[in-house]
Amino acid sequence: EAQVTQNPRYLITVTGKKLTVTCSQNMNHEYMSWYRQDPGLGLRQIYYSMNVEVTDKGDVPEGYKVSRKEKRNFPLILESPSPNQTSLYFCASSFLLPGSPLHFGNGTRLTVT
Amino acid sequence: QKEVEQNSGPLSVPEGAIASLNCTYSDRGSQSFFWYRQYSGKSPELIMSIYSNGDKEDGRFTAQLNKASQYVSLLIRDSQPSDSATYLCAVNMGQGGKLIFGQGTELSVKP
């Protein structure tokens, strides 16, 4: 089944404890992206990647890191999480063709205390 | 001015009515337009895509695109309570796979 898989679905952590949210897609998509969604603010892009070893900042990159060592994987790293990073996170992927829709993972609900 | 704008709602319609959701965008060079449905706490789900001016129908859903006026709309006929969700408009402004999302319109269909 074609899908974007994120793990974990729920995560509660404490301020400053490094964490990684994994994202994997099996559709051979070139483009992958991370979003966070907060009430009243909509979907905001954190980072995106157009190919292996090519990553770029989105609208809200502060406090996050990403890597794209393989085409299928695009992990999101929070080196020192803070409470303002409590949010619902989505990974998404697509082909690079202009008309290609984004396919979303199921989301990760992160709480930082 | 926001790049993609939607009324946040909530938009409330009775069951069986037509729900009309609107979206405007700022970049005249935009090429691809998408409507996603998102239930609370769930991931966005693609329901329609449209690329050229005019209407595109898929079951109870019709997407309408007017590039001259820079708006795209979604009509839901025979609305059902299960259609209650937030509808996100997304626009590809030609930057590879990058989509710009509107804030979403919350739709409530009352039985």
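Residue numbering restarts at 1 for every chain, and letters A, B, ... go by the order of the sequence lines. These figures come from a predicted structure and were not determined experimentally.
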Nearest 0.5 Å, please: how far is CG in A:Leu97 from CG in B:Asn92?
10.5 Å
Distance check, rounded to the nearest 0.5 Å: A:Arg44 atom CZ versus B:Phe101 atom CZ?
14.5 Å
With only heavy atoms counted, which part of B:Tyr36 is less than 4.5 Å from chain A, the side chain, the backbone, both or neither?
side chain
Using a heavy-atom distance cut-off of less than 4.5 Å, which residues of residues 41-53 of chain B contact chain A?
B:Gly41, B:Lys42, B:Ser43, B:Pro44, B:Leu46, B:Tyr51
Kindly give the heavy-atom pair with the smallest separation between A:Gly99 and B:Ser32, and that separation in Å.
CA-OG, 3.3 Å
Could you state whether A:Tyr64 and A:Leu11 fall into the same hydrophobic cluster, counting links through intermediate Ile, Leu, Val, Met, Phe, Trp or Tyr residues with side-chain heavy atoms under 4.5 angstrom apart?
yes
If you count the non-hydrogen atoms of other residues, nucleotides and ligands that lie under 6.0 Å from CG in A:Asn7, is the total more than 12?
yes
Here the gap from A:Ser100 atom OG to B:Phe34 atom CZ, rounded to the nearest 0.5 Å, amounts to 7.0 Å
Could you go through residues 106-113 of chain A and list every donor-acceptor pair under 3.5 Å that involves a side-chain atom there, pairing it with any protein atom two or more places apart or in another chain?
| unit_1 | atom_1 | unit_2 | atom_2 | d |
| --- | --- | --- | --- | --- |
| A:Thr108 | OG1 | A:Gln6 | NE2 | 3.1 |
| A:Thr108 | OG1 | A:Pro8 | O | 2.6 |
| A:Thr113 | OG1 | A:Thr13 | O | 3.2 |

Within a strict 4.5 Å, meaning less than it, do heavy atoms of the A:Phe104 and B:Gln38 side chains meet?
no
Side chain / backbone / both / neither for A:Gln37 at chain B, heavy atoms under 4.5 Å:
side chain
Got a second to check how far A:Tyr35's OH is from B:Leu99's CG, nearest 0.5 Å?
5.5 Å
May I ask whether B:Val91 and B:Leu65 are part of the same hydrophobic cluster, defined by side-chain heavy atoms of I, L, V, M, F, W, Y residues being less than 4.5 angstrom apart, directly or through others?
yes
Distance, nearest 0.5 Å, that separates CG of A:Leu41 from CD of B:Gln103:
6.5 Å
